[in-house]
Structure formats: C-alpha cells, structure tokens
Protein chains: 2
Amino acid sequence: MTDLKRSWVDSANSADSPFPLNNLPYGAFSIQGGAPRCGTAIGEMILDLAALEEAGVLGFDGTLKTGSWNAFMALGKPAWDRLRAELTGLLAEGAAAESRLKAHLVAQKDATLHMPFNVTEYTDFYAGRHHAFNVGTMFRGPENALPPNWLHIPIGYNGRASSVVLSGTPVVRPNGQLKGPNDEMPRFGPSQRFDIELEMGAIVGTPSTGPISISEAYDAIFGYVLLNDWSARDIQAWEYQPLGPFQAKATATTISPWIVTAAALEPFRTSGPDRDVPLLDYLKEPEPMLYDIDLEVTMAPAGKAPTVISRTNYNEMYYSAAQQLTHHTTSGCPMRVGDLLGSGTISGPEKGNRGSLLELSWGGKEPLTLDTGETRSFIEDGDTLTLTGAAHGDGYQIGFGDCIGTLKPARPITH
Amino acid sequence: MTDLKRSWVDSANSADSPFPLNNLPYGAFSIQGGAPRCGTAIGEMILDLAALEEAGVLGFDGTLKTGSWNAFMALGKPAWDRLRAELTGLLAEGAAAESRLKAHLVAQKDATLHMPFNVTEYTDFYAGRHHAFNVGTMFRGPENALPPNWLHIPIGYNGRASSVVLSGTPVVRPNGQLKGPNDEMPRFGPSQRFDIELEMGAIVGTPSTGPISISEAYDAIFGYVLLNDWSARDIQAWEYQPLGPFQAKATATTISPWIVTAAALEPFRTSGPDRDVPLLDYLKEPEPMLYDIDLEVTMAPAGKAPTVISRTNYNEMYYSAAQQLTHHTTSGCPMRVGDLLGSGTISGPEKGNRGSLLELSWGGKEPLTLDTGETRSFIEDGDTLTLTGAAHGDGYQIGFGDCIGTLKPARPITH
C-alpha cells in the first residue's frame, strides 16, 4: 500500500478527501452553461484538462477537448500511463507548474458534471456469490440456490446502453406488465417492487475483435465507476423466462461521475475467493485482479436524512471484471472503447452487507426500518438512493464520488 | 396492391428484378476502394445519392454524403417521405432527369457494399409462435411448449450490436463452454451445434425518450433488412439460465445490405394472427402492421450447389415490429436512431417452413438430406447459408438482396 502523495492543491491532502493526488479520476464538466470538457478531480477542485491541451501543456491529439473520454481511451494504454504520470508531476507538492496551472482549476461546487464517456454497449453480470445465493434461495430454496452453471461461467446478459445515466438524474418509476402468482391475467401498471443493485462498472478502453486472455482483459480496462442497476422485480419476475431480464432493467442504470482509473486502484488489488470447483483454464487469473473497495448504500425518504442500509466490499465478487471481459470475448464478440461491464450486485455474507432491497427485505417479508422511522420493502416515490465507494490506503483514500438517484412517480397510462 | 412503376433504368422493369422503382432500397457502396457513399438500388444499378447531393439535385443537409443512413434517418419522417417522392420522380420512365442522372448510375456488379447503417443497439425478439412452440416442445413437451408469458409479452432480450455484420462477412465457428447433460464438468471447445435463425430486422429511425404508442412505433420504423441471428445451441443450453442467451449469440448476426423502407412495404401490410387470449391495450394494433414477405433459406456445402431448406413468410409472426418497439419503450427505455430489432425466428406450420436447423433437424434427431446428398443436423465448416426475401406484387417484387454467410473453422485454443 502506497502512502498519500501530497499536492500543491491543499484540499487534496486531507485523509478525508476522495480525490487526493493518488486518485486523479477523469470526468467531464462544464461551467456556466459552456460545453462539456475533460477534467480531473483533485481535492475540492477540477483541473481543466481541455484548457491544458489547448495551452499545449498536455498533448493528446486533442482528445481532452472533446468533453468525453472515449477518444482519449482509444489512444491506448501508453497514452493512459503518460497522462497519469504527467498529471502526477504537474500537481505534486512543489511542482514548478503550480503558478501556471492555478488559472485552470475550477471549484467542483461551481461545475456541472456530465457523462464522463459515451456508453457504447452495456453488459451486466451476476457475479456476486452472496447475491446469487440469496436470490436463488428466495426462489428455489438454499439447496438449489446457485444455478448449475454459476460456479463455472461469469453469467451475464446484455443490458441497455441508452438507459445509462449520470448520477443525479431522476429516475421515473416504470410501468410494465405485472402478474402475481395468483393472478389469472397480467395487467399494465406501475412497478410496485422497484429496487437498486449495488455494482461496480468496468469501462473497456482497448477494443478487441476476437478472444482475449485474462491478462489482456485486465489491461484493456481503463477504469471503474459505481453503478446502480435499477431493477423492477415484479416486471422481471413475469418477463424473464426464458430469455432473461429486459424491460425490468431498461428504465435506468446510474453511474458515478468520475472514472477511477485501474492505475489508481493498483495498490488495492486482491484475489478472488477460494473456488469450490476449479475454473476452466481460460478463466484462471495469473495474479489478483479484484480490488478492495469499501461500498455503502444510503436511503433517504423525501426531505429526510439518509440511513445507511448496506455496507459491503467489491472483494466479495466471485469473478473479476477481467474474468468477465475474457468470457465476453470467447465467442469472438467484438468489444469496443466505451463498453461498460456491470459487476453484478455486490452482497456480503451478513444481512447488513446486501446490495439490493430484494435481499435486504427478503423479498418484502422483512421490511427495513430506517433511522427516521419509516419502513421500506422496496423504493417509494421521492426516495433518494446513494451509493458511495472508496479504497482505503494509508492516510488517504481513492474515492468514487456519489452515485445518486431519486425516484419520481410513474407516468400516467394513456392508453 | 399497386402495379409495377416503370423506370427509365430498363433492368428495373423486369418482374424478376428485386429492385424495381417501387422498391428504392437504401444502402452504402464504394467503387474502386473509395469511401462508402449512400445509394439506392434500381434494377441492376445503384444511383449514387451522395453525388446527387453534391450536385445539388437532392438537398438533405449533406446526410447522403456520409456513407451511412443514420444521419439521414435522424432528419425524420417528412425527409424520408420527401426523398422517396423525389427519387420516384427522378427515376420514373420519361423523367426529364434521365440524361442528367445517367452519369451517377453505377453497376451493382462493380460496387462493394458496406453496412448501410451503424447499429446503435440490437434487440432480438422471440415472436414467432411456431418457432417458440417447436423449441419449447423439444425442451418441455407440447403441453408446456409456450412459456406462460409468451401470449402476453413480445419476449425479447438485448443482443450485441458490435457483432452485427454485413452479408458476405465470413463467420468463425465460436469456442465456448460446453456441457452435455451427462458430462460432470464443462469443457472449453468449438460449438458443435452452430445454427442459423431466419429473421427480419426492423430499423428504428425516430428516437424516443419514453413510452410510445403502437402507431408512433409503426411510424418510427424506417425500414427492414433480412437478419440471420447465428446461434450456438450447445453454448446456449449451458449458459442461458437464468439470464438468457449471451455468448451463444454474440459471434455474429448477419444483415442484408439494402434497407427496404417501410414505405416500399406499405402495399403488403397484413394482420397478425388470431389471438388465443386478448392482448393488453397497449399492444393492440389499430390497423395491420405485419407484412406479407416470402422468405427462403438455402444451404450449400463448400463448392456444392445450394439446397432450399426452408420456405416461410414474415406474416407468420405473432407480434409485429411495431408491437415489439412499443413494448420495448414501456419501461421508459430510450430508443435511438439506428437501433435494430430482430423479429425472432420465423417458422411456419409445416416442417419445410422452419427457420432454424434446430427445428429442421429436430434437435439433430432428424438430419436433413441436401440435394447434393450430404446430410446436416447443424452447420459444418465451409457451409454457406443464404437468406432471401421478397414481397410479391402484381408483376413486380420488393426484394431484399441476399443475406449470406459462410462458416469458417473455429480458432485454435491457445490457453
């Protein structure tokens, strides 16, 4: 574990700052209604990288002026490493560049954040063992909880890229086909079991046109965001056989605004769990490829204080993003810059570690009581759900910025 | 049913031509290694629409010069209608424009075709009743063949846009995890049950950000292509529970090169089938929204003549593309220009009408005998599969151009 790297931006040197010099996450921001531009968060500030590229301080083929990180990612890993090294030098305590760069710092509180990259395609996995076990137990009992393929395949499905939104975007409760187990016919109406899924999102930065190895996959991942895969459990229950979730997970998937690079997470690498059955060779990791990232979920009814409803860690995953990406390419499936891979819901072993309300309220049978006195089985209109995450080093942390969404009432049904 | 519209391009006036003046399908082509440009097929020729826009004969904001139809589609339905009307006038027998336009005709045999549009996202449905019944019967018996939701929901899943390729692109047999019912452990190797799926693809031309009605959905579809959703049945069988097909359908999906517009298909509208149970209101069609399109599949072993292995019709579908698109938006899922919706496999009631080898060979139990003497349960290396389709009018047809793929051997396994 490395120590805090000190910066001449004072607010970055606090042990509480999510954005010390060790982090340097990448985002897109605008000020006063201007066009989005690329920036990196440092302490309470954003360094305007578009301005630095315009000024010739940085040279990355104009990619930092685009307001989205896709073009920069497409430059490849050597460029990723060079930008990080240059920024680390420019922002370090005592750097000669301080006086020149100060003019290009913007306070985060004055900036509007935008989607940091264009999501090319979105794939969501189901790779948390505790989550799979909990959900399987509810539906099939503990003996048959894990599907037979689960310990062999990083199970995933294609999600809907058009529905991925930035933290802070309101989410509208979906309407859909609903049919309870005792209903004779389905009806069309608002989901009554709308839920979160606490996940990490891995962003593919290196394209591929055929199968890639685990090591190639690890190197292909540019960075990570927090990800909330909003899920309508009642729509899902009726629609998902035999081809998987569709409209249940197409309303919205919210991501946090800063891409935390794989490079920043390097000191926090950790191994996956012991395996009940050996993985096939193509999925075996030559070195640790998960990360130790503490995660937390809060829920706040409208106008009320938030309650922490879950605490867990990304190291609970059974499969790493590298394993998921390798598996994703086995068929020859081409991967492109900006592809987003959701980890699957991250639950830990205890009740307080569960990453969805479905698990936390055990399918609605054990409602949660919030600190403010309200009870919740699923999300109610006006509730705000917030995911936070940080890797904790020695006197510093690598924070992700919040991943927030407030649920709005369903649209009226007009037909 | 309208009659043949005669053109001054003679080859367009033959009853055998797939591309009479009634059709005017849109594609992208290049000549002698040049950049792709937009064109329309007329008889044996292509009219160079990029050149006509450069020359000021057509005026569509430069969109026809892009070599892809996405930008034109984004102009909206009034522009779609205007281009079709203008081209119909310019190419009609006796049109004054003949002498001016002749220089902008390119023989199809001299042109290289390209993807006619960029696939934004790809969704595949499961909306053919005979197909669903056949597959369900094989797996669960005829009493439980149709899943309980099937008569209520146009069942679909998100596919992989990056794997959609143009007709003629070779397809490499995928490797993947395989586990037979009697195997104790899975293994990694080439799919042994690689298959086709005969489908139509509908292209979304009008974006939406919330739920849309059936009529809005019908109007939002710009046009149609033939679509072969290549499927590895053995990979699918092991991976698809509980989240649906993933790597089994990510190797390739082949589309035909010409977008046949919804406007050209208008005379061939037909109703869906009688319903066993009433559809929910949001799925009820106010007027016929399917099309009468004859479809055919041929199979040719390497170096051998093709055998027709299936004949069916798009009017066998239980759900139209408009119904599928409406359902797709119920959750609020945003749709974008260039989204591609696969109809699902189109099988008719008889054995000779089945749109997949899984059905034609009844899971491999009843191998096909080709005209050349070979037998086939699934696709063998070197086999060429070709889908063709046409709507048949009075003395003319609306053809789609072929949708072709040849299977190449699997990649060596290097780990």
Side-chain angles (χ1 to χ4, degrees), chain A residues 120-124 126 147-149 152-153 155-163 172 174-177 179 185-188 210-211 213-214 232 235 238-252 277 280-282 284 327-328 330-336 339 411 413-415, chain B residues 120-124 126 147-149 152-153 155-163 172 174-177 179 185-188 210-211 213-214 232 235 238-252 277 280-282 284 327-328 330-336 339 411 413-415:
Chain A
T120 306
E121 293 195 69
Y122 167 46
T123 309
D124 196 30
Y126 186 59
N149 52 19
H152 302 281
I153 300 181
I155 295 291
Y157 67 97
N158 300 300
R160 182 75 193 176
S162 67
S163 69
V172 178
N175 293 307
Q177 280 204 28
K179 182 177 173 299
M185 293 284 283
R187 63 192 175 82
F188 190 83
S213 70
I214 285 276
I235 295 173
W238 171 232
E239 79 173 0
Y240 92 107
Q241 290 282 14
L243 298 186
F246 182 46
Q247 289 305 286
K249 288 166 174 280
T251 298
V277 293
L280 288 173
D281 285 347
Y282 78 100
K284 286 182 180 157
H327 180 70
H328 206 320
T330 50
S331 66
C333 179
M335 303 302 295
R336 295 179 290 186
D339 283 341
R411 295 177 177 87
I413 296 168
T414 52
H415 49 73
Chain B
T120 305
E121 293 195 69
Y122 167 45
T123 309
D124 195 30
Y126 185 59
N149 51 19
H152 302 280
I153 300 181
I155 295 291
Y157 67 98
N158 301 300
R160 183 74 193 176
S162 68
S163 69
V172 178
N175 294 307
Q177 279 204 29
K179 183 176 172 298
M185 293 283 283
R187 63 193 176 80
F188 190 83
S213 71
I214 285 276
I235 295 173
W238 172 231
E239 78 173 0
Y240 91 107
Q241 291 282 14
L243 298 186
F246 181 47
Q247 290 304 287
K249 287 165 174 281
T251 298
V277 293
L280 288 173
D281 285 348
Y282 78 99
K284 285 181 180 158
H327 181 70
H328 207 321
T330 49
S331 65
C333 179
M335 304 301 296
R336 294 179 291 186
D339 283 341
R411 295 177 177 89
I413 295 168
T414 53
H415 49 73

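All chains are named by letter (A, B, ...) in the order of the sequence lines, taking the proteins before the strands, and each is independently numbered beginning at 1. Just the heavy atoms: all of them, side chains too, but no hydrogens, waters or symmetry mates, feed the values below.
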Met185(A) portion near chain B, given a 4.5 angstrom heavy-atom threshold: side chain
Heavy-atom proximity to chain B below 4.5 Å, by part of Pro334(A): both
Find the one option among [options] whose heavy-atom pairs under 4.5 Å with chain A are most numerous.
| options | value |
| --- | --- |
| Tyr240(B), Phe246(B), Tyr157(B) | Phe246(B) |
| Ala232(B), Gly176(B), Ala161(B), Gly332(B) | Ala161(B) |
| Asp124(B), Thr251(B), Val172(B), Thr120(B) | Thr251(B) |
| Pro174(B), Ser331(B), Gly244(B) | Ser331(B) |
| Thr123(B), Asp339(B), Ile235(B) | Asp339(B) |
| Ser162(B), Ser163(B), Ala250(B), Pro147(B) | Ser162(B) |

So which atom in [X] and which in [Y] form the shortest heavy-atom distance, rounded to 0.1 Å?
| X | Y | answer |
| --- | --- | --- |
| Gly210(B) | Arg411(A) | CA-NH2, 4.0 Å |
| Gln247(A) | Cys333(B) | OE1-CB, 4.1 Å |
| Arg160(B) | Arg336(A) | NH2-N, 4.3 Å |
| Asn149(A) | Gln241(B) | ND2-O, 2.9 Å |
| Pro245(B) | Leu243(A) | CD-CD2, 3.7 Å |

Partners passing salt bridge (charged side-chain N to carboxylate O under 4.0 Å, His left out) against Glu239(A) (at least two apart in sequence or in another chain): none
Pro148(B) and Trp238(A), any side-chain heavy atoms less than 4.5 Å apart: yes
Contact check, side chains of Phe188(B) and Thr330(A), non-hydrogen atoms, under 4.5 Å: yes
Donor-acceptor side-chain pairing of Glu121(A) and Tyr122(B) below 3.5 angstrom: no
Part of Pro186(B) within contact of chain A (heavy atom distance under 4.5 Å): both
Largest heavy-atom contact set with chain B, pairs under 4.5 Å, which of Lys249(A), Lys284(A), His327(A): His327(A)
